[in-house]
Number of protein chains: 2
Amino acid sequence: MRLRTDWRASVALVGTVLKYLSVPLVIPLVVALIYRDPVVPFVATIALTIAVGEGLERLSPEPDLDIREAMLFVAISWLAVAIVGAVPYVIAGWGTESTLAHPVNALFESMSGFTTTGATVLGEISLERHSHAIMMWRQLTQWLGGMGIIVLMVAILPEVAVSGAQLVESEAPGPELQKLTPRIAETARILWLVYFAFTVVYIAILYGLHLAGMAPNMGLYNAIAHGFTTLPTGGFSPEADSVAAFSAAVQWTAVPFMIIAGTNFALFWHVFSGEGHRFVRNSEFRAYITAIAGLTALLAGMLYVGTAPALAELGGVTEGVFENSLRQSAFQISSLLTSTGYATSDFVDWSSTGKIVLLFAMLVGGCAGSTGGGVKVVRWLIIFKVLRRELFTASHPEVVRPIRLGGNVVDEDAIRGVLGFTFMYLIIFAGATLLIALDVSRASAIANFSPLEAFSASLATIGNIGPGFGHLGPFGSYLDFPVPSKLLMIFLMWIGRLEIIPVLVLFTGGFWTR
Amino acid sequence: MRLRTDWRASVALVGTVLKYLSVPLVIPLVVALIYRDPVVPFVATIALTIAVGEGLERLSPEPDLDIREAMLFVAISWLAVAIVGAVPYVIAGWGTESTLAHPVNALFESMSGFTTTGATVLGEISLERHSHAIMMWRQLTQWLGGMGIIVLMVAILPEVAVSGAQLVESEAPGPELQKLTPRIAETARILWLVYFAFTVVYIAILYGLHLAGMAPNMGLYNAIAHGFTTLPTGGFSPEADSVAAFSAAVQWTAVPFMIIAGTNFALFWHVFSGEGHRFVRNSEFRAYITAIAGLTALLAGMLYVGTAPALAELGGVTEGVFENSLRQSAFQISSLLTSTGYATSDFVDWSSTGKIVLLFAMLVGGCAGSTGGGVKVVRWLIIFKVLRRELFTASHPEVVRPIRLGGNVVDEDAIRGVLGFTFMYLIIFAGATLLIALDVSRASAIANFSPLEAFSASLATIGNIGPGFGHLGPFGSYLDFPVPSKLLMIFLMWIGRLEIIPVLVLFTGGFWTR
Ligand SMILES: [K+]
Ligand SMILES: [K+]
């Protein structure tokens, strides 16, 4: 039986990706030299990436990717990078009490990094337990993951009908997110520039706050560490208390940058090109801002009247109940809706209703064309337009009414793709909830494991969000889950980040043969 | 502005329905005479139905219904019947401590009856607190609701694209569930006959068990009462402990009848016509039986190894752990999956994982063409086929592949309708969860109200299931909810029963004018 998919081409290109991975590995190596941490984990991994990369590249001298090879390429890329990225954790943890010495934990943390999920199995998040270099590598994996996502959405996702990316096209005709053309490299460069610029600005502001005395513990290390994890909507923090460890000024600063991270990066190009009006006219962006504002107002009101408690124990400077309510609300909603996953409050202790509001935010997701995960705003927008049309055609069966987005008609195939994707997302989320619950109860792994905990474990991983409720809250950890659950969640983070289809399709026979 | 929808025709026909409602009201009147209960509640309501019915009929002497008028008719019918059906509760409760003396509670109980939901706001379910006649009326409302559903799915739903009813057509070409034709009356009569026959058989078996000494407390009253609420997947019981009050023999007997109630009634016609092979070839039926068997096996295993506790306190004869596990599992899965809502165990006390398995059952729903509520099996079947197609076309974008059901191609419009309906269902369910949680926390109405309780309150009402988790468990009550939540849940039961669209469409401007 001859395979129709040229897997050698895909794997050879993965080799190139692995080779390039050696370059950013120099950053934690430099950090290790500065802080006199062990350098072996990074030197060994750099050698490994180059050796394996070179070897794989030889499989196909001039790899040429068609759609299928492209999907295979991205799926294997993320997996291979996550595996190699776990090596420094295992080497550094070897012989210590670090939870990352266990290969499954190391792979979990690495996949969580490169998929910008931010779910952690570090038992103790501290720079005493883990070296500065290892912690910076952990932060950096998210920033690299974000760069990968940008390539993914420019080059691959527009080829897959169920993605929302081709919808963005009709709204943002600047740097087009469109089919494979020679302009891909140019577009990717533009978006990378946006990503890089915001990262630098954010680090500068954080460190500036520190120098101005408004953020005592936000030194250069912490500023860079959070810079690496905000724009990719990552959410890893070297602080056990996440952003609650910092001042109110830092918390307020993070809010707009999380919102930027969840915005279609192509839109910023319009601003730089002097066409800022396109920005505010973009219907996905407007829906996104409306959702954030609406949920923030609702939650702030609840926090203010004391419905969601625990205000007294919140991190940051509690200047007043009003400011604090608004800040906690704006931060948590921006963080969970964009799938960043930072927290300034242990919302595990909030009221049921407060948690339900947060669950709503978690289900929305970022904009298409951003590094945000989840279902994504544009898909919900299309779904609501479809439902309005269904209601209309129920009493007007003779009328044919196209769905419009930003003035352009959306192709019915694309609509079917959006509905299909969202169902696939919800069904896998539900199925994984059941499997995780069965596994936890089989192993009696977590005491008083609630249905909400099971839901959130599934949603926070497939949605690349990070924290959930209960044991896996923002100040908690996924450490106590049994190994089968961890492997399942590694799978969920992987498929969630790649918009499901490019991975699942590999498990269908038709992909390989016909 | 002239309305395009002839509301007079719809309302006039509602008048006819109300007039006919006076006939079954004779049944509780007879029960009242037998048990020497007050007859005023029923005599007054009979007079009311005739008077109002006559009055409304005069709005339009020869009502002629087009699609819109038909939708308006069914929506108003269920509302009007629920309102009138609440009158006996209010009259009987007047001046007593009955919770049904409050009009909102009475309307809740009545809507819950006629929509065959089975959610209750009776504070104390007992024949000491409420008369035999009132309790029999409560049971009868569900049986009448079931009759209404049969007409609905024969005459109205096939007109609405999002319904699963037109899909049934391709699978069951016997008594067609199809467009408005003179055959409607004939088809409805056939299905009513099936419904009536199974009800009589079930009552006979229950009473036979009683006479044989295998069901001591299943006297004629109880046998009829449960006969009225099983085939319509209703779930009301005059016993506070639901079917846990009866012997294992009664519990085992109920299982196949609940499964029958959730089966497409048209299929039974084939059996009676000697074409039983069509039954087993029906793909929806096979998926339905597979889902019941699979979930039952999973849950029985969990109960057997003790994962879901509380076995010791179960109702019925505990002959052995194996038989008991299998019985509890088969009963609860059949009851919740078909949206009947009886219980033989207080699953509120089960483990988280046990509850998640039950939630899965609650999301499935009965078959199209049955009295079962929820999303319905045929829709999930279509959705899974659509997802398989999406995965295939992702790597074969050039291939056009139709969806088949029972050998026939399903129209793409129907597929879009199915996806649209299911999203509408899930989104309304989610939105109502939030509103109920906000209302409960606003009123501080229910202590320790959990997110799972909020989910289940919404799901159990829009899915016409009845019981949920926590306070609204199978042996619990919806009594403690604040009035706004109760009104919302009345709305959810109403739209859930009518497959959402025929009600929601009334709230769109386009329905009335264009
Ligand atoms: K994240
Ligand atoms: K029910």
Side-chain angles (χ1 to χ4, degrees), chain A residues 5 67-68 71 159-162 298 302 307 351-353 355-357 359-360 363 383-384 386-397 412 415-417 419-424 426-427 430 433-434 437-438 440-442 448-455 501-502 504-505 508 510-511 514, chain B residues 5 67-68 71 159-162 298 302 307 351-353 355-357 359-360 363 383-384 386-397 412 415-417 419-424 426-427 430 433-434 437-438 440-442 448-454 469 501-502 504-505 508 510-511 514:
Chain A
T5 304
I67 304 178
R68 299 188 195 193
M71 290 196 280
E159 294 290 315
V160 185
V162 290
L298 176 64
M302 290 170 58
T307 307
S351 73
S352 292
T353 314
K355 288 177 191 168
I356 290 174
V357 174
L359 265 184
F360 263 75
L363 277 165
I383 288 169
F384 277 105
V386 167
L387 299 190
R388 215 173 54 186
R389 178 171 71 178
E390 285 300 329
L391 276 183
F392 183 81
T393 50
S395 59
H396 302 79
E412 289 297 323
I415 291 172
R416 220 169 50 189
L419 297 176
F421 171 89
T422 311
F423 264 115
M424 216 172 292
L426 295 176
I427 287 172
T433 299
L434 179 59
L438 286 169
V440 168
S441 76
R442 171 197 63 76
N448 301 318
F449 191 66
S450 72
L452 185 67
E453 254 169 303
F455 285 131
I501 309 287
L504 281 198
V505 81
T508 62
F511 177 83
R514 278 185 288 171
Chain B
T5 304
I67 306 178
R68 299 187 195 195
M71 290 196 279
E159 294 290 316
V160 184
V162 290
L298 176 64
M302 289 170 58
T307 307
S351 73
S352 293
T353 314
K355 287 177 192 167
I356 290 174
V357 174
L359 266 184
F360 264 75
L363 277 166
I383 289 170
F384 278 105
V386 166
L387 298 191
R388 216 173 53 186
R389 178 169 72 177
E390 284 300 330
L391 276 183
F392 183 81
T393 50
S395 59
H396 303 78
E412 290 297 322
I415 291 172
R416 221 168 50 190
L419 297 176
F421 171 88
T422 311
F423 264 114
M424 216 172 291
L426 294 176
I427 287 172
T433 298
L434 179 59
L438 286 170
V440 168
S441 75
R442 172 198 61 79
N448 300 319
F449 191 66
S450 73
L452 185 67
E453 254 170 304
F469 299 100
I501 310 286
L504 281 199
V505 81
T508 63
F511 177 84
R514 278 185 289 171

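Values below: every heavy atom of this structure, side chains too, minus hydrogens, waters and symmetry copies. Chain A is the first sequence line, chain B the second, and so forth, proteins listed ahead of strands; every chain is numbered from 1.
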Quiz item: Side chain, backbone, both or neither: which part of Arg388(B) has a heavy atom under 4.5 Å from chain A?
Solution: neither
Self-check item: Nearest heavy-atom neighbours spanning Pro451(A) and Leu452(B)
Solution: CG-CD2, 3.8 Å
Exercise. Heavy atoms only: give me the nearest Leu387(A)-Gly420(B) pair and the separation to one decimal.
Key: CD2-O, 3.2 Å
Self-check item: Distance in Å, His396(B) NE2 paired with Thr508(A) OG1, rounded so as to fall on 0.5 Å steps
Solution: 7.5 Å
Quiz item: How close do Leu438(B) and Met302(A) get, heavy atom to heavy atom, and via which atoms?
Solution: CD2-SD, 3.7 Å
Self-check item: Winner by heavy-atom pair count (cut-off under 4.5 Å) against chain A, out of Thr422(B), Val386(B), Thr433(B), Leu363(B)
Solution: Thr422(B)
Quiz item: Out of curiosity, Ile501(B) CD1 to Thr393(A) OG1, how far, rounded to the nearest 0.5 Å?
Solution: 8.0 Å
Quiz item: Any side-chain heavy atom of Ile383(B) sitting closer than 4.5 Å to one from Ile427(A)?
Solution: yes
Quiz item: Of the listed residues (Phe449(A), Phe455(A), Phe360(A)), which shares the most heavy-atom pairs with chain B below a 4.5 Å separation?
Solution: Phe360(A)
Exercise. Using ring-ring contact (aromatic ring centres under 6.0 Å, His included) as the criterion, list what pairs up with Phe423(B), not counting sequence neighbours.
Key: Phe423(A)
Quiz prompt | Contact winner vs chain B - Leu298(A), Leu426(A), Ile356(A), heavy-atom pairs under 4.5 Å | solution = Ile356(A)
Quiz item: At a heavy-atom separation under 4.5 Å, does Phe384(B) approach chain A through its side chain, its backbone, both, or neither?
Solution: side chain
Practice problem: Quick one: pull up CG in Leu359(B) and CG in Leu434(A) and give me the separation to the nearest 0.5 Å. | Solution: 10.0 Å
Quiz item: Atom CG of Asn448(A) and atom OG of Ser351(B): how far apart are they, to the nearest 0.5 Å?
Solution: 11.5 Å
Self-check item: Nearest atoms (heavy-atom pairs only) where Ala437(A) meets Thr353(B)
Solution: O-OG1, 3.2 Å
Practice problem: Output the distance between atom CZ (Arg416(B)) and atom CD (Glu412(A)), rounded to the nearest 0.5 Å. | Solution: 5.0 Å
